[in-house]
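So the structure is just underneath, and the comments pick up after that.
Basis for what follows: all heavy atoms, side chains included, without hydrogens, waters or symmetry-related copies. For ligands, and for the atoms within them, numbers begin at 1 and follow the listed sequence.
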Amino acid sequence: MTSYVFITGGVVSSLGKGITSACLGAILEARGLTISMIKLDPYINVDPGTMSPFQHGEVFVTHDGTETDLDLGHYERFVHTAKGGRHSNYTTGRIYESVIAKERRGDYLGATVQVIPHITDEIKQGVKKGAGDADICLVEIGGTVGDIESLPFLEAIRQMGIELGHDRVVYVHLTLVPYIPTSSEIKTKPTQHSVKELRSIGIQPDILVCRSEKPLPSEERRKIALFTNVQEKAVISAWDADDLYKIPAMMHDQGLDGIVTRQLGLDLPKADLHEWDAIVDAKQNPTAEVNVAMVGKYMDLKDSYISLVEALQHGGIHTRTRVKIHYIESKDVEEKGVDCLQGMDGIVVPGGFGDRGIEGKIDTVRYARENGIPYLGICLGMQVAVIEAARNLAGLEGAMSTEFNKETPHPVVALITEWQDQTGDTVERDEESDMGGTMRLGAQAVSLQEGSLAAKSYGSMEIEERHRHRYEVNNNYRERLSNAGLRFSGLSVDDLVEMVELPEHPFFLASQFHPEFTSNPRDGHPLFKSFISAARKYNAGELPEAAEA
Ligand code: GLN
């Protein structure tokens with residue numbers, strides 16, 4: 001029987017509710033429990049797939065190809081048993097879409113369809129589906145208590161507390177306890193008000209997690225407990241950590257997992273946090289440092305590449321390397337040249353959509369290729385690598401992706417239907433893999449070529465990685481490109497290009513899929529480990545192992 005922990009937020013947004021939820025999941029998992037995790041998002045978009053990264057950060061893709069909120073990425077990185085999917089992220093739009101569809105079908109048998117009970121029932125059913133058969137399901141409610149939009153979600157979780165009982169439901173509320181420098185005072189009032197707001201809709205929190213700059217003094221803790229009707233030991237202080245991976249231990253040391261498991265009546269072994277300790281140790285005691293340039297769009301908005309940034313850091317953890325990421329706008333490379341890439345030990349071109357700065361990305365690939373700098377291309381980063389090779393190795397002048405130039409004389413990257421048009425060939429496509437309309441989404445199998453850098457990095461010939469893209473390398477150009485020196489080292493079951501590399505280069509590897517979505521700090525990820533190792537060797541003036549072998 002699954003128990004539930006509901007996590008709400010108060011005072012302001014951006015307090016790190018996703019990370020807090022993920023860390024709570026991690027310390028509960030460390031007690032031997034299986035965990036599922038759900039995010040409820042109050043906005044009306046049906047999913048975040050259509051939202052600008054400017055507004056909402058990265059779109060995280062789950063194994064089953066669902067485009068979800070970036071918090072799902074935190075969950076998967078922190079909790080091994082939490083496998084996100086279709087039922088792990090619900091928005092207001094999705095809930096209403098489904099209720100309206102039922103109403104149109106006549107499922108409500110003439111009833112007047114209302115927020116309570118129809119919308120709240122739909123939310124509760126969704127939560128139960130997402131919970132699966134895990135021991136504990138953690139449900140994070142997006143937004144801030146007091147927002148109009150989040151009310152139906154809060155009402156649904158209130159009802160679940162009554163229906164399931166106090167020994168199967170725990171309410172955690174995350175708040176801000178600000179420090180006012182002019183009066184040197186810590187202020188508990190916003191927390192008091194936020195809890196008051198929550199209680200006014202019928203939810204009494206069992207645990208408060210208080211975000212603050214410094215650890216909360218015991219006097220303030222006592223005061224908060226008194227004014228909010230929460231036990232003093234259940235007022236947890238979450239101060240600004242210099243490292244994300246210190247947070248599980250920070251929470252465990254204050255007994256957070258114990259408070260939850262006691263309320264749920266679970267008698268469990270102590271938390272085993274040795275893997276988290278090892279991560280912190282590796283981060284604090286690196287044996288080398290590398291400078292990695294990430295050349296893309298939206299570089300002032302780091303949340304749009306959060307999984308990739310994390311995956312690079314995981315590569316650092318598993319090679320004891322401090323990874324310094326330099327965020328470079330590809331438009332700047334286009335306009336001011338490649339000088340800003342000097343001194344880099346590795347270059348990454350991440351995934352992306354839209355043509356802004358595309359020539360800058362192609363110039364970046366050329367610079368990495370000609371100077372033997374380790375290169376890792378992800379999705380669009382692979383497509384620009386193919387375009388660069390087409391133009392400068394295969395002599396296909398004006399080669400481009402049809403995403404950016406429909407009239408290109410050499411559409412080396414194009415929609416599958418476009419290269420079918422070009423030759424009259426038909427390409428067998430698995431309909432199932434076309435979830436989400438025209439995008440290729442979710443995990444698919446990839447076969448790697450024996451002896452390739454890709455196969456050596458993975459230590460395997462068959463892998464599975466997640467996708468999120470529309471355009472594909474045009475198979476009609478494969479022969480010309482491989483004659484020019486580009487190796488197609490990974491192919492999908494339906495013969496689409498998944499990985500390319502340059503055997504003559506110390507480390508030049510790019511993938512059509514997004515390896516960052518499956519990287520986590522405890523295991524690391526083969527591609528990022530080998531990329532960071534290559535950057536380390538480049539930095540030391542040596543060749544990376546994979547190329548030497
Ligand atoms: N825009 C490219 C495509 O749709 C790449 C997408 C990506 O990098 N995620 O194929």
Heavy-atom contact under 4.0 Å between Gln383 and ligand 1? yes
Evaluate Leu380 for polar contact with ligand 1, using N/O atom pairs at a separation under 3.5 Å. yes
Mind checking whether Phe517 and Phe60 have parallel, tilted or perpendicular rings, split at 30° and 60°? perpendicular
Using the six-membered ring wherever Trp is involved, compare the ring planes of Trp276 and Tyr245 and label them parallel, tilted or perpendicular (cut-offs 30° and 60°). parallel
Closest protein heavy atom to atom 10 (O) of ligand 1, given as residue, atom name and distance to 0.1 Å: Tyr471 N, 2.8 Å
Any N or O on Ile378 sitting closer than 3.5 Å to an N or O of ligand 1? no
Do Glu329 and Lys297 meet the salt-bridge criterion of a basic N to acidic O distance under 4.0 Å? no
Taking distance alone, with no angle check, do His469 and ligand 1 share an N/O pair under 3.5 Å? no
Quick look: His514 vs ligand 1, heavy-atom contacts under 4.0 Å, and the answer is side chain
Thinking salt bridges, do Asp345 and Lys537 make one under a 4.0 Å N-O criterion? no
List the closest protein heavy-atom neighbour of atom 8 (O) of ligand 1: residue, atom name, distance to the nearest 0.1 Å. Gly352 N, 2.8 Å
Given 3.5 Å as the limit, does a donor-acceptor pair link the side chain of Lys39 with the main chain of Thr91, or not? no
Numbering the atoms of ligand 1 from 1, which are under 4.0 Å from a heavy atom of Arg470? 3 (C), 4 (O), 10 (O)
Numbered in order shown, the ligand 1 atoms found under 4.0 Å of a heavy atom of Cys379 are 5 (C), 6 (C), 7 (C), 8 (O), 9 (N)
Among Glu403, Gln512, Arg468, which residue places a heavy atom closest to atom 2 (C) of ligand 1? Glu403
Short side-chain to backbone donor-acceptor contact, Tyr90 and Gly126, under 3.5 Å: yes
The single option from His80, Lys529, His314, His318 passing side-chain hydrogen bond (donor to acceptor under 3.5 Å, both in side chains) against Asp523: His80
Side-chain touch Leu496/Arg440, heavy atoms, less than 4.5 angstrom: yes
How does Met439 reach ligand 1, by side chain, by backbone, by both or by neither, if only non-hydrogen atoms under 4.0 Å count? neither
